[in-house]
Structures are given as structure tokens and as C-alpha cells.
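Structure first, commentary second.
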Amino acid sequence: MLTLKVLQENKEQVIERLSVKNFKAEDVVNQILGLDQVRRSTQNSMDNNQSELNKIAKEIGVLFKSGNTFEVNLLKEKNTQLKELVKSQGEELAQIEKQLNNLLVQLPNLPHSSVPRGKGADDNIEIRSGGNKPSLYKDAVPHWDLAKKYDIIDFELGNKLTGSGFPVYKGKGAKLQRALINYFVDEATAAGYLEIQPPIMVNEDSGFGTGQLPDKEGQMYHVGIDNLYLIPTAEVPVTNIYRDVILSASEFPIKMTAYTPCFRREAGSYGKDVRGLNRLHQFDKVEIVQLQHPEKSYQALEEMVNHVEGLVKSLNLPYRILQLCGGDMSFTSALTYDFEVYSAAQDKWLEVSSVSNFESYQANRLKLRFREEGEKKTILAHTLNGSALALPRIVAALLENNQTPEGILIPKVLQKYTGFEIIN
RNA sequence: GGAGAAAUGGCCGAGUGGUCUAAGGCGCACGCCUGGAAAGUGUGUAUACUUCAAAAGGGUAUCGAGGGUUCGAAUCCCUCUUUCUCCGCCA
């Protein structure tokens, strides 16, 4: 969430910036600033009364020892009244802070100055692209047919076990999953990311820290009996490792990677977008996360984009990199690049990675701060993350693009992980 | 799941109702000492909010979390969480 300070000091710019995300902020910002005034004066008054109360309590202690019971009783009486006042002011303050927080949480992150205005996906800007679209032989089919033909992914069996969107991978299909996971994690660790194996359920605090709660409550699976959430991405547990932490500037950059299954309810999704592997409730993903100094976070973002680009290239998939417009960006992001790969038989571009800089938006929720060498004051760190990569759509594109009458060819870089060169 | 014990600053650890403004130690930072270092020695050493133009300084809160008792709580009471020991179950 945005800091009060940013709102106080740059009110007009904040409103202007948020309009890039098509968010009308003026009313909320005004409410916040007004409420903050009330909060300050209330707290001031309460603090003074508390101070007075503490002082008197000490006097009572001294008088008590000297046996001056008359004076003691007089002061007790006074303090009882003061206490009432402090208590009611405290309740008032708690109420105000709660309201203030509810309002602050409603404001999305400020988009970076390079972010174009726009309504949705059509207004995203292609940054660059690579690879060539394959020319398929004439009987080529979409991946869901290939999955059935070679018996490597069983969607109906998943329906039986759980429900739609929970496929079962079998034989070479399962092995391909493991191969991709291992390849991606190996590449990330080679690039200096520390491998993490986090829990795949998180508590409310973690969900709040990275911005899933309260906004995206309905997108996560909730285990009610224990009040835990199945993670929609490894970003949540991995970034929350540094919740409530104060780093020193010399510790940057902190780079972590994690393979986890991801769970998304995808409420409201339907139709042909959800066919086959295109949109699942459970899928595998390798995530990369960086914590960086604010002055270096955009450099880190470029580095992460290059890393992801290297992966897609190495798999010989036609890809394009888009910079998201204000209207298509997530609530918490300041700048996002999406990676899409071309899945030939569907003739569709599929999003396989989203790399974002959140600047201090998550860090403020997480209370993730750092200190410059020798300085006393704490500064919010910047957080970034990206998929490197999400498996299902990569698998979809690999199956579709590499199909031949003899079978599906496995890219070179994966062969030492799969142990086979073809699915037939 | 049952029974018992515990949770104090970066770390160890004292503290059972009133200078706790949390002892002492370790660590860390800066000085002194030294040819240099070690040892020794001195000083400092949390976070958030707030006051102030800013700095300095001040106020408030925080001893696992949240409530309560009291004029006053690290200390007493209640609830929750986590850890340890034992028992049960178990990959």
C-alpha cells in the first residue's frame, strides 16, 4: 500500500498517476488526508492525557510510601477520571486507524512513469519478440488432443478426482513436468537465486503482506478450519520470508527462487480460454523473487526479464514481451512485463510469465525495510518477482509447436532432464 | 489429541505490583590505550506513531498476541499462538 507520506507530499501527482490505471483516487485521497488530521490530533491529546496519568501514578507511588493516604485518594480519584478519558480516546483512535487503513488499502500502486494509458490487453505495448512461428503439418491438433493421443495428460481423470482444472499428468507427461521444473530451478540457481521450498499454505498476515488480501480474497482457496490459504503463487510465501525485517543496504540484492504448485479459483473464468492447459486451478510454477535497493530495482527488473527471455529462447518457443498498460496491470504493480509464447495449433499467444516491480508497495505492507550504512532511519525496500516459468502453457506450446507425424520432439535443453527425445 | 513447563532487546539472561527510564553479559559501532593488533578501558547501541521548519530534544506505545484487574503490570487474572518435555497417533 502507499504510504501516508507520499499522499501528504504529492497528492496531485498521486491522483494523476493513478488515473493511468483508470482509478479515480481523488475522493479516497481526500478522505485519507482528512482522517489523518483527525488521527493526529486525537493521538496527540490521548498521549498528553496518558502522560499526565503516568505522572500521577508515580506520585501516588511516592505518597503511598510516606503514608499520605488523603492525598493518595485524591489523586486516585483524578486518575480514574483521566483513565476514562484515555480509554474513550483510545477507542476512537483505533476506530480512526481502522478506517484509515481500509481506505489506504483501496489505493493501487502508482504506475511507473513509462506505463502507457490504456483500457486492457489490446493497449499493451510489444517491447520485443523472438523465435519463429512453426509451420505445422496439416493434421496438427491442439494440445488437448495430443495429450489424449499420447496419454500423457488426463483431464477427465482429474475431473473424477477433484474437478475441472486439476489435470493428471501421466508417464512422459509427468516426467516432462519434472524436467521443466528441474531445468527452471537449475537455471535460476545458476543465475544466483537461492532455492527455497516454502509452505504452500499461508496465513492471513502473509496474504496481506503481498497484497492478495483483502482485495483478491475470492481468488484463493481457503481452508476454513485452520484459516489458511493455498498459495496462488510462490511469491506469497517467499516474499513474506522478509516480512517484518530490517536489512542493511549491503545485503541487497536478495534473490530467491522457488518451485511450488499454485492454486487459483479463477472464479468467473469460462469458455474456450479454459480449454486444456490454458487455465487451471492447480499448476506448477518456478518463481523468481528479488528484494532490492530502490535505486537499483529497475535494473533488477531488466535482469529478471533477460533471465526469463533466456529460458523461453532456449526452449525455441516464439515469444513476445509486452509492457502492460495501466488498465491491464495488477493492483500492486508499478511496472509489469508479460511474456507470451505462441501456441501454434490453437493459433494463440499464451501468457507464461509476468515480471513486475512492486517498488515499495508490498514492502510497506510487509514492513520490509533497510538501512543505509551508518544511517539510523529505515527506508522501505523494493520487491520484484516474476514467473520463470509457469508450466502448463509452456507445455501446451511445446506439444503443439513440436508435434510431428512421428511424435512430439523435446527441445535439446530438456533432454538431459527428460531422458527421452520424443513423445510417441 | 492429552499432561506439564516456558516465551524479556541483535543474542544470552536477571527481574513475582511503585526510580523498570528493563540489571548483567555477549555481540556490534565509535573513541582512548598500542608501532600495529589483542587485552584493557570509556561512550553509545530497538521499533512505530507523534511534537518540531529541520536537527537536537520531548511525549506515547511495545517484555509472544489480544483482553482484563489496579491509581500504577514484564510481574496478577482470562483467551489465543508458538516452543520444549512426557504420553498417544503417525509419513
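The sequence lines fix the lettering, A, B, ..., with proteins before strands; numbering per chain opens at 1. These numbers come from a predicted model, not from an experiment.
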Q: Keeping to residues at least two apart or across chains, list the salt bridge (charged side-chain N to carboxylate O under 4.0 Å, His left out) pairs with something in residues 281-297 of chain A.
A: A:Lys285-A:Glu287
Q. Does the distance from a Lys or Arg side-chain N to an Asp or Glu carboxylate O, for A:Lys255 and A:Glu303, drop under 4.0 Å?
A. yes
Ignoring hydrogens and angles, write down the donor-acceptor pairs under 3.5 Å from the side chains of residues 381-401 of chain A, residues two or more places apart or on other chains.
residue, atom, partner, partner atom, Å
A:His382, ND1, A:Ser297, OG, 2.8
A:Thr383, OG1, A:Gln362, OE1, 2.7
A:Asn385, ND2, A:Glu235, OE1, 3.4
A:Asn385, ND2, A:Glu235, OE2, 3.4
A:Ser387, OG, A:Ser354, N, 3.2
A:Arg393, NE, A:Asn278, O, 2.7
A:Arg393, NH1, A:Glu351, O, 2.7
A:Arg393, NH2, A:Asn278, O, 2.8
A:Glu400, OE1, A:Ser343, OG, 2.8
A:Glu400, OE1, A:Ala345, N, 3.0
A:Glu400, OE1, A:Gln346, N, 2.9
A:Glu400, OE2, A:His143, N, 2.9
A:Glu400, OE2, A:His143, ND1, 2.8
A:Glu400, OE2, A:Gln346, NE2, 3.2
A:Asn401, OD1, A:Ala344, N, 2.8
A:Asn401, ND2, A:Tyr342, O, 2.9

(Q) Less than 4.0 angstrom between a side-chain N/O of A:Asn79 and OP1 or OP2 of B:G72, yes or no? (A) no
(Q) Would you measure the distance from the P atom in B:G24 across to the matching atom in B:G44 and give it in whole Å? (A) 11 Å
Q.
How many whole angstroms separate atom CG of A:Leu247 from atom P of B:G10?
A. 15 Å
Q. What is the distance, rounded to the nearest whole Å, between atom CD of A:Glu92 and atom P of B:U60?
A. 20 Å
Q: Under a 3.5 Å limit for both distances, which nucleotide forms a Watson-Crick or G-U wobble pair with B:G35, could you say?
A: none
Q: For B:U8 and B:U75, measure between their C1' atoms and round to the nearest Å.
A: 11 Å
Q.
Just the rounded figure in Å: distance from P of B:U21 to NZ of A:Lys55.
A. 14 Å
Q. Looking at residues at least two apart in the chain, or sitting in another chain, which of them share a ring pair (Phe, Tyr, Trp, His ring centres under 6.0 Å) with A:Phe208?
A. none
(Q) My understanding is that a pair needs two contacts under 3.5 Å, Watson-Crick or G-U wobble. By that rule, which nucleotide pairs with B:G1? (A) B:C87
Q) For A:Leu53 and B:G59, what is the distance between atoms CG and P respectively, to the nearest whole Å? A) 16 Å
Q: Just name whichever nucleotide pairs with B:G24, Watson-Crick or G-U, keeping both distances under 3.5 Å, else none.
A: B:C12
Q) Is the shortest side-chain N/O distance from A:Gln50 to OP1 or OP2 of B:G59 below 4.0 Å? A) no
**Q.** Integer angstrom distance from the P of B:G15 to that of B:A6
**A.** 13 Å
Q) Looking only at atom P, what distance separates B:U34 and B:A38, rounded to whole Å? A) 14 Å
Polar atom pairs (N or O), protein with nucleotides 50-53 of chain B, under 3.5 Å:
residue, atom, partner, partner atom, Å
B:U50, OP1, A:Arg39, NH2, 2.6
B:U51, OP1, A:Arg40, NE, 3.3

Q: Using only heavy-atom distances, determine whether the side chains of A:Asn109 and A:Glu359 contain a donor-acceptor pair under 3.5 Å.
A: no
Q) Can you check whether A:Asn54 has a side-chain N or O nearer than 4.0 Å to OP1 or OP2 of B:C71? A) no
Hey, can you pull the donor-acceptor pairs under 3.5 Å for the side chains in residues 22-33 of chain A, sequence neighbours left out?
residue, atom, partner, partner atom, Å
A:Asn22, ND2, A:Gly118, O, 3.0
A:Asn30, OD1, A:Lys11, NZ, 2.7
A:Asn30, ND2, A:Glu26, O, 3.3

Q: Look at all strands and tell whether A:Lys83 reaches a base, only sugar-phosphate, or nothing, counting heavy atoms closer than 4.0 Å.
A: base
Q.
Tell me which nucleotide, if any, is Watson-Crick or G-U wobble paired with B:C52 when both distances must be under 3.5 Å.
A. none
Q. How many Å lie between CD on A:Glu9 and P on B:A54, as a whole number?
A. 11 Å
**Q.** Any residue meeting side-chain hydrogen bond (donor to acceptor under 3.5 Å, both in side chains) with A:Asn54, in chain and number order, not counting sequence neighbours
**A.** A:Gln50
Q) What distance, rounded to whole Å, do you find between the two P atoms, one in B:G13 and one in B:A53? A) 46 Å
Q | Donor-acceptor pair between A:Thr210 and A:Arg243 side chains, under 3.5 angstrom | A | no
Listing time: all N or O pairs from protein to nucleotides 43-47 of chain B that are below 3.5 Å?
residue, atom, partner, partner atom, Å
B:U47, OP1, A:Arg371, NH1, 2.2
B:U47, OP1, A:Arg371, NH2, 3.2
B:U47, O3', A:Arg369, NH1, 3.1

**Q.** Nucleotide forming a Watson-Crick or wobble pair with B:G18, both distances under 3.5 Å
**A.** B:C71
Q) What does B:U82 pair with, Watson-Crick or G-U, if both distances are under 3.5 Å? A) B:A6
Q. What pairs with A:Asp151 under salt bridge (Lys or Arg N to Asp or Glu O under 4.0 Å), at least two apart in sequence or on another chain?
A. A:Lys170
Q: Mind jotting down which residue pairs meet the salt bridge (charged side-chain N to carboxylate O under 4.0 Å, His left out) criterion with at least one end in residues 324-333 of chain A? Sequence neighbours excluded, please.
A: none
Q. With both distances under 3.5 Å as the test, what is the Watson-Crick or G-U wobble partner of B:U62?
A. B:A46
Q. What interatomic distance, in whole Å, is found between C1' of B:A22 and the corresponding atom of B:A29?
A. 22 Å
Q. Can you list every ring-ring contact (aromatic ring centres under 6.0 Å, His included) pair that touches residues 88-117 of chain A, not counting sequence neighbours?
A. A:His112-A:Tyr298
Q: For B:U85 versus B:G27, give the span between their C1' atoms, rounded off to a whole number of Å.
A: 31 Å
Q | Nucleotide nearest A:Lys87 (side chain, heavy atoms from C-beta), chosen from B:U60, B:G68, B:C71 | A | B:G68
**Q.** Interatomic distance at P, B:G9 relative to B:A46, whole Å
**A.** 14 Å
**Q.** Length of the CG-P vector between A:Asp226 and B:U81, whole Å
**A.** 10 Å
**Q.** Distance in angstrom units between A:Glu91 CD and B:G67 P, rounded
**A.** 10 Å
What protein N or O atoms touch nucleotides 16-19 of chain B N or O atoms at under 3.5 angstrom, if any, and at what distances?
residue, atom, partner, partner atom, Å
B:G18, N2, A:Ala57, O, 2.7

Q) Reckon A:Thr80 has a side-chain N or O less than 4.0 Å from the OP1 or OP2 of B:C71? A) no
Q. Taking atom types as modelled, is there a side-chain donor on A:Asn44 or A:Ser41 under 3.5 Å from an acceptor on the other?
A. no
Q | Integer-rounded Å distance: B:A48 C1' and A:Asn101 CG | A | 14 Å
Please output the side-chain donor-acceptor pairs of residues 195-202 of chain A that fall under 3.5 Å, not counting sequence neighbours, one pair per line with the distance.
none

Q. Do NZ/NE/NH1/NH2 and the carboxylate oxygens of A:Asp145 and A:Lys148 come within less than 4.0 Å?
A. no
